[in-house]
Novice: 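This structure is in structure tokens; I'll ask about it shortly.
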Amino acid sequence: MPWFVKIETGKVDKATFDKYVPAHKAYVQQLIAKGHKAKTGYWAQKGGGMMLFEAESMDEAQAIVTADPLIQNDCVNYQLFQWEIVLE
């Protein structure tokens, strides 16, 4: 299955963002349970974060991203890319 990456930057204040983090984490746990091998985190040196995950297609990846509570609650701007692994 192809890998995808969602790179995001925050667009709300920290208190608003933090309100949706537990739902985001629960969502990522659901993705893991469904076999998408999702990983999520934030940049230590700057704002924003990233989520890596597997999906069957760009359409499925877009559906996964738009179901994320951080996206549904308009907390972040994001870009979605398919990541072509060269070497493992």
Novice: May I ask whether W3 and M1 are part of the same hydrophobic cluster, defined by side-chain heavy atoms of I, L, V, M, F, W, Y residues being less than 4.5 angstrom apart, directly or through others?
Specialist: no

Novice: Please test Y42 against E8 for side chain to side chain contact (heavy atoms under 4.5 Å, CB included), starting from the C-alpha separation and ending with a verdict.
Specialist: CA-CA 9 Å; Y42 61 91; E8 59 191 31; over 6 Å; no

Novice: Please find the pair of heavy atoms, one from V28 and one from A38, that lie closest to each other, and give the distance.
Specialist: CG1-CB, 3.8 Å

Novice: Looking only at heavy atoms, what is the nearest atom pair of F4 and A55, with distance?
Specialist: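 Looking at all heavy atoms of both residues, the shortest contact is CE1-O, 3.5 Å.
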
Novice: When you look at NZ of K34, are more than 12 heavy atoms from neighbouring residues, nucleotides or ligands closer to it than 6.0 Å?
Specialist: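 Atom NZ in K34 is not packed in, count stays at 12 or less.
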
Novice: If only side-chain N and O atoms count, and only distance matters, is there a donor-acceptor pair under 3.5 Å linking E84 with Q82?
Specialist: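 Looking only at side-chain atoms, E84 and Q82 do form a donor-acceptor pair, the distance falling under 3.5 Å.
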
Novice: Flag the pair F17 / K19 as yes when at least one side-chain heavy-atom distance between them is below 4.5 Å, and no otherwise.
Specialist: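 Contact flag for F17/K19 side chains = no.
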
Novice: Grab the two heavy atoms, one from V76 and one from G10, that are nearest each other, plus how far apart they are.
Specialist: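 Looking at all heavy atoms of both residues, the closest pair is CG1-CA, 4.1 Å.
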
Novice: Report the residue from V5, D68, T66 that forms a side chain to side chain contact (heavy atoms under 4.5 Å, CB included) with Y78.
Specialist: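 Among V5, D68, T66, the one meeting side chain to side chain contact (heavy atoms under 4.5 Å, CB included) with Y78 is T66.
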
Novice: Hydrophobic cluster membership, with links at side-chain heavy-atom distances under 4.5 Å among I/L/V/M/F/W/Y: are I7 and L52 in one?
Specialist: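 Both belong to a single hydrophobic cluster.
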
Novice: Give a yes or no answer on whether the side chain of Y27 reaches the backbone of I64 with a donor-acceptor pair at less than 3.5 Å.
Specialist: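 Pair found, side chain donor or acceptor close to backbone of I64.
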
Novice: Going by heavy atoms in the side chains, are I32 and K37 under 4.5 Å from each other?
Specialist: no

Novice: I'd like to know if the side chain of H36 and the backbone of F53 have a donor-acceptor N/O pair within less than 3.5 Å.
Specialist: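 Side chain of H36 to backbone of F53, a donor-acceptor pair under 3.5 Å: no, none is there.
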
Novice: Could you go step by step and tell me if D74 and V12 meet the side chain to side chain contact (heavy atoms under 4.5 Å, CB included) rule?
Specialist: CA-CA 8 Å; D74 207 26; V12 296; 5.9 Å; no

Novice: Answer yes if V21 and M51 sit in the same cluster of Ile, Leu, Val, Met, Phe, Trp and Tyr residues linked by side chain heavy atoms under 4.5 Å apart, and no otherwise.
Specialist: yes

Novice: With rounding to the nearest 0.5 angstrom, report the NE2 to CD distance, H24 to Q29.
Specialist: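 H24 NE2 to Q29 CD: 10.5 Å, rounded to 0.5 Å.
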
Novice: To the nearest 0.5 Å, tell me how far Q79 CD sits from T9 OG1.
Specialist: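 OG1 of T9 is found 8.0 Å from CD of Q79.
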
Novice: Verify, without hydrogens or angle tests, whether E60 (side chain) and E56 (backbone) share a donor-acceptor contact under 3.5 angstrom.
Specialist: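 A pair under 3.5 Å: yes.
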
Novice: Taking D13 for the side chain and A15 for the main chain, is one N or O donor matched with an acceptor at less than 3.5 Å?
Specialist: yes

Novice: Show your reasoning for whether side chain to side chain contact (heavy atoms under 4.5 Å, CB included) applies to M58 and L80.
Specialist: CA-CA 9 Å; M58 180 59 86; L80 178 62; 3.6 Å; yes

